[in-house]
Amino acid sequence: KKFARAFREVRQLLSPADLIPRLEDALGKFSRRDAAEVLQPVRTAVPLQKHGGFMGLMPTYMEKDGVLSTKFVCFYKREEGSTLPAVQATVVLLDPEYGNVKAVMDGEVITAMRTAAVSAISAKLLMPPQAEVLAILGTGKQALSHCRVFTEMFSFKELRVWSRTKEGAARFIRSIDGPVQGCSTAEEAVRGADVIVTVTGSTQPVLFGQWVKAGAHVAAVGACRPDWRELDDVLMKEAVVYADSREGAMLESGDVILSGAEVFAELGDVINGTKAAHREKTTVFKSLGMGVEDAVSAQLVFDRWKAQAGKF
C-alpha cells in the first residue's frame, strides 16, 4: 500500500508521457559516447556478504544538460517468504558547479518507473506489430510498475501473470485495474505471448527458449549479477540481444555472460539509427539500469517539484 501510494504521488510529477521522451534522448546520448553529453562509469558493486546483497553506486554527469547525480542502491537475494525489501534506493542531485547537494530523493519509485519506461521503449522499438498478448513473470514492485506503464503505452488484448506463490499472484491481480489472467506455471503464461517481461528475483532461469514463440520480444529486468539468470541458453543464443549498456551487460548480466550470447546493440544505437531494430526476429532486451536514467528522471521530478512549490 505504501509503494502504491508513493507511486501515485510520484506519477503526478513523473508521468510516462513526459518521462519516456527524456529517457529516449538520454539513451541516445549515452550510446554516442560523447563525454560532453554523458559521463557514466559502469556501476560499482560493493558486496554485502553477511546480508546476501550488494550496494551499487551509479554516478552520472551530463555536462551540456547541467545534471550531476548519483544513486545508491542496495539489492539482495532474499529467501522466499522474506519480509525484507529486495531493493532500496536513494538518488542524490548535486549542483555541478558548486558541488553541493540540491536534493535527496527516495529512489524506490523513481527506479521502478524509469526501469519500466525503458523496458517500454524496448518494446516500442522491438516488439512485433499488432502485439496482443503481454506476459509478466514476477509480481513484485517492478512487475506492478511495468504493468502500469505497458498497459498505458500499448493496447494489449490479453494480460497474463505468473508468480512463484498464489499469494503473490492474487496480490498483483488485486492491484491492477482491468482483467488479468493468473497462470499456474511460467510456461502457461508465456506460450503464444507477443511481449514477455521477466521481473523476478530468480538466480536461475525461469524463462526457456522452447516456450517463446518466434518473433516475440522479451524485456529481461531481473538477474543483475554475473552469476544470476532469468533466461536460458536457448533463448539467449537464438534471439537478437539488445542492452541499455553493452559494457554493463558484459560485466553484470549472467544472462549474457553465462550463455556466451552476443549483444547486438544498445537501445541508444537503435534510437540513433546506427543499428537495426529486428522486429521480425525474436528479441531480448537485457535491462541492467543506468545512472543516466536515474539522472534525467530525478531532474524531471526536481524541476516539476520546484514549479509546483513556486505556485505557493
Side-chain angles (χ1 to χ4, degrees), residues 27 31 42-43 45 54 75 77 115-116 118-128 131 133-138 142-143 146 150 160 162 164 183 185-271 274-290:
L27 291 167
S31 291
V42 174
R43 173 168 46 205
F54 297 84
F75 50 97
K77 178 185 176 184
T115 305
V118 172
S119 294
I121 292 168
S122 82
K124 173 184 170 183
L125 296 172
L126 301 171
M127 73 181 184
V133 180
L134 169 65
I136 300 177
L137 304 186
Q142 280 287 2
H146 275 74
F150 271 61
R160 306 173 189 165
W162 169 81
R164 291 188 184 277
C183 299
T185 66
E187 180 178 1
E188 178 188 352
V190 304
R191 284 283 188 184
D194 301 294
V195 178
I196 302 166
V197 177
T198 61
V199 277
T200 73
S202 180
T203 58
Q204 299 295 325
V206 295
L207 180 61
F208 294 84
Q210 64 185 15
W211 302 344
V212 178
K213 81 172 189 179
H217 174 62
V218 178
V221 178
C224 57
R225 295 301 300 153
D227 55 346
W228 296 2
R229 300 192 66 174
E230 287 188 305
L231 316 182
D232 77 336
D233 285 354
V234 173
L235 177 55
M236 290 300 297
K237 290 180 178 179
E238 290 183 351
V240 182
V241 178
Y242 298 79
D244 41 15
S245 164
R246 185 184 300 273
E247 292 90 348
M250 297 305 297
L251 285 174
E252 295 185 305
S253 170
D255 287 315
V256 171
I257 295 166
L258 299 177
S259 68
E262 176 188 354
V263 176
F264 170 71
E266 296 175 342
L267 285 188
D269 295 325
V270 180
I271 291 167
T274 57
K275 290 282 188 176
H278 287 291
R279 288 181 178 271
E280 75 286 359
K281 299 180 180 180
T282 305
T283 53
V284 166
F285 167 58
K286 181 56 211 171
S287 168
L288 275 308
M290 300 196 299

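Side-chain atoms are counted along with the backbone in the values below, which use heavy atoms only and exclude waters and symmetry mates. Because the structure is predicted, anything quoted here is derived from the model rather than measured.
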Ignoring hydrogens, what is the shortest heavy-atom contact between [X] and [Y]? Give both atom names and the distance.
| X | Y | value |
| --- | --- | --- |
| Val221 | Ser119 | CG2-OG, 3.6 Å |
| Gly209 | Val234 | CA-CG1, 4.0 Å |
| Leu125 | Ala277 | O-CB, 3.4 Å |
| Ala131 | Val195 | CB-CG2, 4.2 Å |
| Ala239 | Val284 | CB-CG2, 3.7 Å |
| Ala219 | Ser122 | CB-OG, 4.2 Å |

Practice problem: Would you tell me whether Arg164 and Ser202 have side-chain atoms, one donor and one acceptor, within less than 3.5 Å of each other? | Solution: yes
Practice problem: Using the test salt bridge (charged side-chain N to carboxylate O under 4.0 Å, His left out), find all partners of Lys77 that sit at least two apart in sequence or belong to another chain. | Solution: none
To the nearest 0.5 Å, what is the distance between [atom1] ([X]) and [atom2] ([Y])?
| X | Y | atom1 | atom2 | value |
| --- | --- | --- | --- | --- |
| Ser245 | Leu27 | OG | CG | 10.5 Å |
| Ser253 | Arg229 | OG | CZ | 8.5 Å |
| His217 | Thr282 | NE2 | OG1 | 11.0 Å |
| Ile257 | Met236 | CD1 | CE | 10.0 Å |
| Gln142 | Thr200 | CD | OG1 | 11.5 Å |
| Phe150 | Ile136 | CZ | CD1 | 8.0 Å |

Taking side chain as C-beta onward, heavy atoms only, is [X] less than 4.5 Å from [Y]?
| X | Y | value |
| --- | --- | --- |
| Asp244 | Leu267 | no |
| Leu134 | Val197 | yes |
| Val212 | Glu238 | no |
| Ile271 | Ser31 | no |
| Met250 | Val263 | yes |
| Glu247 | Glu266 | yes |
| Phe285 | Val118 | yes |

[Y] backbone acceptor or donor facing [X] side chain under 3.5 Å:
| X | Y | answer |
| --- | --- | --- |
| Asp255 | Glu230 | yes |
| Asp269 | Thr274 | no |
| Arg279 | Met127 | yes |
| Arg160 | Ala189 | yes |

Exercise. Determine the sole option in Val199, Thr198, Thr115 for which the side chain to side chain contact (heavy atoms under 4.5 Å, CB included) test with Ser287 is passed.
Key: Thr115
Quiz prompt | With Lys237 via side chain to side chain donor-acceptor pair (under 3.5 Å) - residues at least two apart | solution = none
Quiz item: Which ring pair (Phe, Tyr, Trp, His ring centres under 6.0 Å) pairs, counting each pair once, include a residue from residues 243-267, with sequence neighbours left out?
Solution: Tyr242-Phe264, Phe264-His278
Practice problem: Would you please classify the geometry between the Phe75 ring and the Phe54 ring as parallel, tilted or perpendicular, with 30° and 60° separating the classes? | Solution: parallel
